[in-house]
Amino acid sequence: MNEELDRQVPLMDEINTKVDKATTDIKNNNVRLKDNINKIRSSKNFFIDIILICILLGIMAYLYNVLK
């Protein structure tokens with residue numbers, strides 16, 4: 001049984017190392033993704049969204065009056 005444990009300990013250490021690396025990679029990717037999302041959703045885009053909503057509401061009001 002000790003021999004089996006002696007063979008499996010290095011394998012477990014290797015798995016732990018790979019899991020730690022994967023965890024670090026995921027954390028780094030999450031930080032990069034958050035930065036990209038913040039760049040995409042800047043205040044400039046907020047105003048574009050407001051303008052598009054106003055246009056959409058205008059079209060809906062027009063269609064409502066035409067179909068009435």
Side-chain angles (χ1 to χ4, degrees):
M1 194 163 212
N2 282 338
E3 290 176 15
E4 186 65 26
L5 284 175
D6 289 341
R7 285 190 298 176
Q8 289 185 6
V9 166
L11 296 174
M12 290 172 50
D13 289 340
E14 183 180 345
I15 290 171
N16 282 336
T17 302
K18 288 181 179 181
V19 167
D20 289 342
K21 183 184 180 312
T23 302
T24 302
D25 290 344
I26 289 171
K27 286 180 182 178
N28 289 338
N29 285 336
N30 283 342
V31 169
R32 288 179 27 213
L33 181 60
K34 183 178 178 182
D35 290 342
N36 286 336
I37 288 173
N38 287 336
K39 287 178 186 176
I40 290 171
R41 297 301 303 163
S42 68
S43 61
K44 181 173 60 172
N45 287 339
F46 175 74
F47 291 114
I48 292 172
D49 291 344
I50 296 295
I51 290 170
L52 290 174
I53 288 171
C54 290
I55 291 171
L56 182 62
L57 288 174
I59 292 170
M60 289 172 57
Y62 173 79
L63 290 175
Y64 178 77
N65 286 333
V66 168
L67 297 175
K68 200 163 138 183

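To the nearest 0.5 Å, the span separating CD1 on I50 from CD1 on I48 amounts to 11.5 Å. Note: D20 CG to D25 CG = 11.0 Å, rounded to the nearest 0.5 Å. Atom CG of D35 and atom CG of N30 lie 11.0 Å apart (nearest 0.5 Å). Distance CG/D13 to CD/Q8: 12.0 Å, rounded to 0.5 Å. Atom CE of M12 sits about 7.5 Å away from atom CD1 of I15, to the nearest 0.5 Å.
The 12-atom threshold is exceeded at CD of E4, counting heavy atoms of other residues, nucleotides or ligands nearer than 6.0 Å.
Residues satisfying the salt bridge (Lys or Arg N to Asp or Glu O under 4.0 Å) criterion with K34, sequence neighbours excluded, are absent altogether. Take K27 and apply the salt bridge (Lys or Arg N to Asp or Glu O under 4.0 Å) test, not counting sequence neighbours, and it matches no residue.
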*Would you sort out whether L56 and M60 count as a side-chain contact (heavy atoms from CB on, under 4.5 Å), showing the intermediate values?*
CA-CA 6 Å; L56 182 62; M60 289 172 57; 4.1 Å; yes
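Linking ILVMFWY residues whenever their side-chain heavy atoms come closer than 4.5 Å, directly or via other members, places I55 and V66 in the same cluster. Both Y62 and I59 belong to a common hydrophobic cluster when Ile, Leu, Val, Met, Phe, Trp and Tyr are linked at side-chain heavy-atom distances under 4.5 angstrom.
In summary, E14 and K18 engage in a salt bridge, as defined by a charged side-chain N under 4.0 Å from a carboxylate O.
Put simply, the side chain of N29 does not reach to within 4.5 Å of the side chain of L33, judged on heavy atoms.
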